[in-house]
Amino acid sequence: MTERSPHRDDDTQSADNPSATATVAEAEPRSTEPVTGLHEHSRPLSTYLFQRTRVRLISLLALPMTWLVGIYIVSLVLLLVTAFWVVNPFTSRVTPGFTLDNFVSIFTVPAYLSTSLRTLGMALAVTALSILFAVPLGIYMAKLASPMMRNLLAVAITLPLWAGYLVKILAMRLVFTENGFINWALGPLGVESPGFNVWIAIVTLTYLWFPYMALPVFTAIRQIPNSLFDASADMGARSFGTIFRVVIPLIVPAIIAGSVFTFSLSLGDYLAARFTGGATQMIGSIIASNINLNPPVAAAFSMVPIAFVVMYLMVARRTGSLERM
Amino acid sequence: MLQMSKSAKLGLLGLVLFVLIFMYTPLFVVIANSFNSARLSAWPIEQLTLDWWIFAATYEPIRMALLNSFIVASIAMVFAAILGTLVAFALSRYDFFGKSTVNLLVVLPIALPGVVTGVAFSNTYSNFLSPIGIDVGYFGLIVSHATFCIVMVFNNVFARLKRMNPSMQEASMDLGAGLWETFRLVTFPQFRSSFIAGALLAFALSFDEVYVTIFTAPPGVDTLPLWILKEMARPNQASVVNVVATVVILLSLIPVYISQRLAREDDAR
């Protein structure tokens, strides 16, 4: 059927029945009116929108942008504004004003400064540990395991992703506590749980965010064509040479995409530290303890992780990794 | 294929096993402890009991928390599904100035730490809206949840739209269907599975969110994670928290199962 039947417009049901449509088309004399003219009568809005890309784009973006800019970005800006405000010492109410003291305290109060640096170090350590385990795991899953094993492992590393944030922290507590699993399982071998400290907090954070690194890395390794391995072998590279010179350069964008999560999620965490870190304080602890007593200080401190993450995202965007998130 | 010596392969296999043990032992310990008759969780378990399960099933605060989590996650999911799909269409079909900024804007609420998102909303609600007489209450909690859920729907739908053939829609419109009709009969069925998967992930994400909830939940409102948190903070924590944790672990099987099924459907397509 080369021309459009005018009846198709009001009778869409006939589209399900080709023979009926064909009969109608044959019986009908050819329309002399341009088809588009007819559409304008019957579907004024559709025709209007079809011809105006800009209007369509704006109507698509209006609602989400109102939400994201009007609610979220405005909230972030208001947070920045609050960071310059002061707390009235008598009424303990937040009052508009302008002071840089809240920001200055980040860099001058030794406890604050060391907490910021410790949090940054912990986030980087978690990211490094995740990469260290995710790459070999991804290589095994994607290129060495049998197809059935591969699917099984893919499910196995996805499942803990949804097992619940607090559930996993609770689980780590039960593993590392004094009468916990580690002391029972490894105690006879002379290994003792170190108790809750900064290292266990790092282990817990790695446990929490590892799947965010493992999944994109696995997907990226899977997409590497096997012929590249053959080519690499033909050119004399051994397996580790191939991994370092072929596999890793190709999966860098995936590693960066995964690290945005491991880094940012660790940076904002404080509950893992609170329950498994002993006395370990993180930036989040300072924000949380100040949010009611001194909101401007909490607001100023929120800018620290924002600054770290924005810097990280800038680097990630340059590598084109954001599209993979 | 990647050539590897036998010992290297064994080494890798050992590492895989280590990761799996590291990931699953703690979860297993929690599940087992939900049957621990002792008041305080400990290992090994001396005596098994179903008491905590029976207690949890009828305990009002747990029910209320579960209900709240369900309400918040459902409504946040609906908002996120609509907003995420709209952005996905805009970014997959059009080239425009500021496209990458819009992309960044969608990713930002999840890329920034939850504590920042939570504090930002809480600050707006209590230091700006409250003084002028606007009390957002429960709705504020839902709005903040929806904001970081948008990206889940966006990612899934965007990926599918990118792979879809636009000529189907052109054909539909050539045949006289309007925009809405084309969307309903031609476009939507093509991305339905990824839309559902995205919405489901948004629900699961909201259901599990702690930080944003801590700062934006109105007084007296507990979601399931908030209830667990309060329980964990108590010094003589009862084993009942392990029951709730076990339920959460079991519930997590649902999104994994459904996303696996949807992925298989896609492969079969």
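First the proteins, then the strands, lettered A, B, ... as listed; each starts at 1. Predicted, not measured: the structure shown is a model, and the values here were computed from it.
Heavy-atom distances place no part of A:Leu161 under 4.5 Å from chain B, backbone and side chain included. Contacts of A:Met141 with chain B are absent, with no heavy-atom separation under 4.5 Å from either backbone or side chain. Both the backbone and the side chain of B:Leu201 come within contact range of chain A, each with at least one heavy atom under 4.5 Å from a heavy atom of that chain. Only the side chain of A:Thr242 comes within contact range of chain B, with at least one heavy atom under 4.5 Å from a heavy atom of that chain. B:Ser144 does not touch chain A: none of its heavy atoms, backbone or side chain, sits under 4.5 Å away. Neither the backbone nor the side chain of A:Arg238 comes within less than 4.5 Å of any heavy atom in chain B. For a residue to count as touching a neighbouring chain, one of its non-hydrogen atoms must lie under 4.5 Å from one of that chain's; by this rule A:Ile291 touches chain B with the side chain only. In this structure, chain A has a heavy atom under 4.5 Å from the side chain of B:Phe96, while its backbone stays farther away. When heavy atoms are compared at a cutoff of 4.5 Å, B:Phe89 approaches chain A by way of both its backbone and its side chain. Interface residue B:Phe22: backbone and side-chain heavy atoms are both found under 4.5 Å from chain A. Both the backbone and the side chain of B:Val106 come within contact range of chain A, judged by heavy atoms closer than 4.5 Å.
Formation of a donor-acceptor pair under 3.5 Å by the B:Tyr211 side chain with backbone atoms of A:Tyr270 is found in this model. A side-chain donor-acceptor contact under 3.5 Å links B:Tyr24 to the backbone of A:Ala156.
Atom CG of A:Leu174 and atom CZ of B:Phe28 lie 12.0 Å apart (nearest 0.5 Å).
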Is there a side-chain contact (heavy atoms from CB on, under 4.5 Å) between A:Val74 and B:Thr124? Walk through the geometry before answering.
CA-CA 9 Å; A:Val74 164; B:Thr124 306; 5.7 Å; no
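Heavy-atom neighbours of chain A within the stretch residues 13-20 of chain B, taken at a separation under 4.5 angstrom, comprise B:Leu13, B:Leu15, B:Val16, B:Phe18, B:Val19, B:Leu20.
Ring orientation note: the planes of B:Phe79 and A:Trp67 are tilted relative to one another, at an angle of 30° to 60°.
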